[in-house]
*Asks:* 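Sharing a structure here in structure tokens format.
Numbers here simply count residues along the sequence, with the first being 1. Bear in mind that the values here come from a model prediction, so they are computed numbers and not experimental data.
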Amino acid sequence: MDRIQVIGCSTPLPGPPSSTAPHSNSSSSFKFDAPTFFTHKPIRTSLPDHVVARSRSCSAAENSDAELRRALVGEGLRGGRLCCCGRRHFMAATTSPLIPIRPSNASDDSSDYAAMLDKFHAPRPQWYEEFQAMVLDKGMEAYEAEIARYKSQLFSKLKGKVKEILEIGIGTGPNLKYYANDNDVHVVGVDPKRTMEKYARAAAAAAGLPSPNFKFLQAVGEAIPLEDASVEAVVGTLVLCSVSDVDLTLKEVKRVLKPGGSYIFVEHVAAKDGTILKFLQSILDPLQQAVADGCHLTRETGKNISEAGFSSVELGTAFLANAPLINSHIYGIANK
């Protein structure tokens, strides 16, 4: 990584960073090639080598080689029983003519991504996922109102410049209103929970994004079903706290970004060592993971992003009054 710039830190919630604050020279790197809509590119249908390698490494203690091979071709044995859940067919449900499921000469490897979905995000009961989607849709209003000034600043970097956007962990789509109100923008939203789709589609419509310009894929950040160098920007907010493998997700983000592309992020991270808040986070972390779909309170996500190999990273910190337990926050832009 060439350079990292810290934008600033404030507590309690500050106003937007000053437009006169110094920025790294990477600010001028928001120059993208003339857009060639990524919706015309085929979705990647065979897993990258590094994803398969990481999967094998993580599974060594619990799966034999034969079991792993069966998992990666979609058999998905769980407890000796064949999994026939709808996750196995999530790729078959995405039939937009603008985003072909696979090239015509490709083998049928879409089950690889379904297997990775179950591996990195174990299926939850339907009632739980429905309830969580409803809570995220209705219960985050105060948080979104407070973080809005930061998001407005970050997403202003995309308006009028970027036409091909992937959002990982799109959830109920709270970010779409910041960047998806342009008829020329094409968005792919990735989330492991199918229950989020109806909310994300409603948010896209409310933002003014034409329906053909929005695609929802049920997948995980550790195995993004898009081609290499296929998007100009990747968006991820409150995602890396709950993925199973932060570094693998960031590697996938870099893989799908075009040269010069940008990754926009807002994440909560662990409080400073020695503080009462850090002590509370350490105590409550297991409970948080259980009730909040794998969300971790004590991750040092800023360090992961800074060390992921981006050419430059602009990173700021903030403390949000409406989210006392999930502080501090980091926000910024990383350029490929």
Side-chain angles (χ1 to χ4, degrees), residues 1 4-11 13-14 16-17 120-121 136 140 143-144 146-155 157-158 165-175 178-179 189-192 196 220-222 224 233-254 257 262-273 277-278 281-282 284-285 288-289 292-310 312-336:
M1 181 184 63
I4 300 172
Q5 178 184 357
V6 176
I7 295 175
C9 176
S10 179
T11 178
L13 179 68
F120 286 106
H121 189 272
L136 288 178
M140 297 289 286
Y143 172 87
E144 289 296 336
E146 191 171 8
I147 200 69
R149 62 186 67 188
Y150 294 102
K151 287 187 176 182
S152 295
Q153 179 202 16
L154 290 172
F155 290 118
K157 303 291 186 179
L158 302 183
I165 301 173
L166 163 69
E167 180 161 354
I168 57 173
I170 193 170
T172 58
N175 297 323
Y178 294 101
Y179 66 81
V190 166
D191 200 282
M196 298 294 181
V220 289
E222 293 90 342
I224 298 172
V234 175
V235 171
T237 64
L238 300 187
V239 177
L240 297 183
C241 60
S242 58
V243 298
S244 297
D245 193 321
V246 176
D247 292 330
L248 183 56
T249 299
L250 290 170
K251 185 172 288 188
E252 281 288 275
V253 167
K254 286 180 58 186
L257 275 174
S262 298
Y263 166 46
I264 290 182
F265 58 89
V266 177
E267 299 287 349
H268 69 83
V269 296
K272 290 183 178 180
D273 290 338
L277 179 56
K278 179 61 176 292
Q281 288 175 338
S282 300
L284 296 175
D285 194 39
Q288 175 79 355
Q289 293 179 46
D293 201 32
C295 175
H296 292 69
L297 294 173
T298 56
R299 283 185 170 172
E300 302 287 351
T301 308
K303 181 178 180 182
N304 294 95
I305 295 173
S306 298
E307 297 177 353
F310 290 98
S312 64
V313 176
E314 298 179 19
L315 187 152
T317 60
F319 192 97
L320 303 185
N322 283 313
L325 187 60
I326 55 171
N327 275 302
S328 296
H329 271 61
I330 60 169
Y331 62 96
I333 302 176
N335 297 310
K336 181 175 178 179

*Asks:* Give, for atom CD1 of I165 and atom CD1 of I264, the distance between the pair rounded to the nearest 0.5 Å.
*Replies:* 8.0 Å
*Asks:* Within the distance-only criterion (no hydrogens, no angle test), does the side chain of E300 pair as donor or acceptor with the backbone N or O of V269 below 3.5 angstrom?
*Replies:* no
*Asks:* Nearest 0.5 Å, please: how far is CG in D245 from CD in E222?
*Replies:* 6.0 Å
*Asks:* Indicate the atoms forming the closest heavy-atom contact of V313 with I305, along with that distance.
*Replies:* CG2-O, 4.2 Å
*Asks:* Considering all heavy atoms of both residues, which atom of N335 and which atom of S262 are nearest to each other, and what is their separation?
*Replies:* OD1-OG, 2.8 Å
*Asks:* Do F310 and K254 come within less than 4.5 Å of each other through their side chains, counting heavy atoms only?
*Replies:* yes
*Asks:* Can you find a pair of side-chain heavy atoms, one from L240 and one from R299, that are under 4.5 Å apart?
*Replies:* no
*Asks:* Within a strict 4.5 Å, meaning less than it, do heavy atoms of the L297 and I326 side chains meet?
*Replies:* yes
*Asks:* Between H268 and T301, what is the shortest heavy-atom contact and its length?
*Replies:* O-OG1, 4.3 Å
*Asks:* Answer whether the closest heavy-atom distance between the side chains of M140 and L238 falls below 4.5 Å.
*Replies:* yes
*Asks:* Will you find, in the side chains of E167 and Y179, an N or O donor that is under 3.5 Å from an N or O acceptor?
*Replies:* yes
*Asks:* Are side-chain heavy atoms of F155 and V235 found at a separation under 4.5 Å?
*Replies:* yes
*Asks:* Within the 3.5 Å criterion, strictly below it, is a donor on D285 or Q289 matched to an acceptor on the partner's side chain?
*Replies:* yes
*Asks:* Donor-acceptor pair, N304 side chain versus D247 backbone, under 3.5 Å?
*Replies:* no
*Asks:* Using side-chain contact (heavy atoms from CB on, under 4.5 Å), reason through L158 and Y178 one step at a time and then give a plain yes or no.
*Replies:* CA-CA 9 Å; L158 302 183; Y178 294 101; over 6 Å; no
*Asks:* Any idea how H329 and Y143 line up, ring-wise: parallel (<30°), tilted (30 to 60°), or perpendicular (>60°)?
*Replies:* tilted
*Asks:* Give me the atom names and distance for the closest heavy-atom approach of F265 to A334.
*Replies:* CE2-N, 4.0 Å
*Asks:* Work out which heavy atom in I168 is nearest to a heavy atom in I224; give both atom names and the distance.
*Replies:* CG2-CD1, 3.9 Å
*Asks:* Could you grab the distance from atom CG of L315 to atom CD1 of I330, nearest 0.5 Å is fine?
*Replies:* 5.0 Å
*Asks:* With side-chain contact (heavy atoms from CB on, under 4.5 Å) as the test, pick out the partner of N175 among T237, L154, V266.
*Replies:* T237
*Asks:* Do V243 and V220 come close enough that some side-chain heavy atom pair is under 4.5 Å?
*Replies:* no
*Asks:* Which atoms form the tightest heavy-atom contact between Q281 and L325, and what is the distance?
*Replies:* NE2-O, 2.9 Å
*Asks:* Any side-chain heavy atom of E144 sitting closer than 4.5 Å to one from K151?
*Replies:* yes
